[in-house]
Amino acid sequence: MSDLYAIEIPEGLTALKACGGNQQSEHETCATLREVPGVAGGLWVMGDTKRPGAELRFTTAELAAAGIDPARFDMAV
């Protein structure tokens, strides 16, 4: 497996978000998820709307093993 953090993330990828449901306002805490196309094994970038620039990267298999379902991220950022 290659170093996922060495892969350059293209600009302009659509980010989807899933929110915690605790505030229902601009103060809501939301996780973001972007799929990077064209990477063998898949590459997903997860972020936090409260911490721009902070991210975790997962392969498709790692994302599934962590129990993270991209279908639950349904609101475009």
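Side chains included, hydrogens not; waters and symmetry mates left out as well; all remaining heavy atoms used.
- Taking CE of M46 as the reference point, atom CZ of F73 lies at 3.5 Å (rounded to 0.5 Å).
- In terms of heavy-atom proximity, T49 sits nearest to T29 at OG1-C, 4.3 Å.
- Using a 4.5 Å cut-off on side-chain heavy atoms (C-beta onward), P70 and R72 make no contact.
- Partners of P10 according to the side chain to side chain contact (heavy atoms under 4.5 Å, CB included) rule, which considers only residues two or more places apart in sequence or in another chain, are L13, V36.
- The line from CG of L63 to CD of E35 is 9.5 Å long, rounded to the nearest 0.5 Å.
- Taken from CG in L16 to OG1 in T32, the straight-line distance is 9.0 Å, to the nearest 0.5 Å.
- To the nearest 0.5 Å, atom CH2 of residue W44 and atom CG of residue L56 are 15.0 Å apart.
- When all heavy atoms of T59 and L4 are compared, the closest pair comes out as N-CD1, 3.7 Å.
- For R57, the side-chain hydrogen bond (donor to acceptor under 3.5 Å, both in side chains) criterion is met by E55, not counting sequence neighbours.
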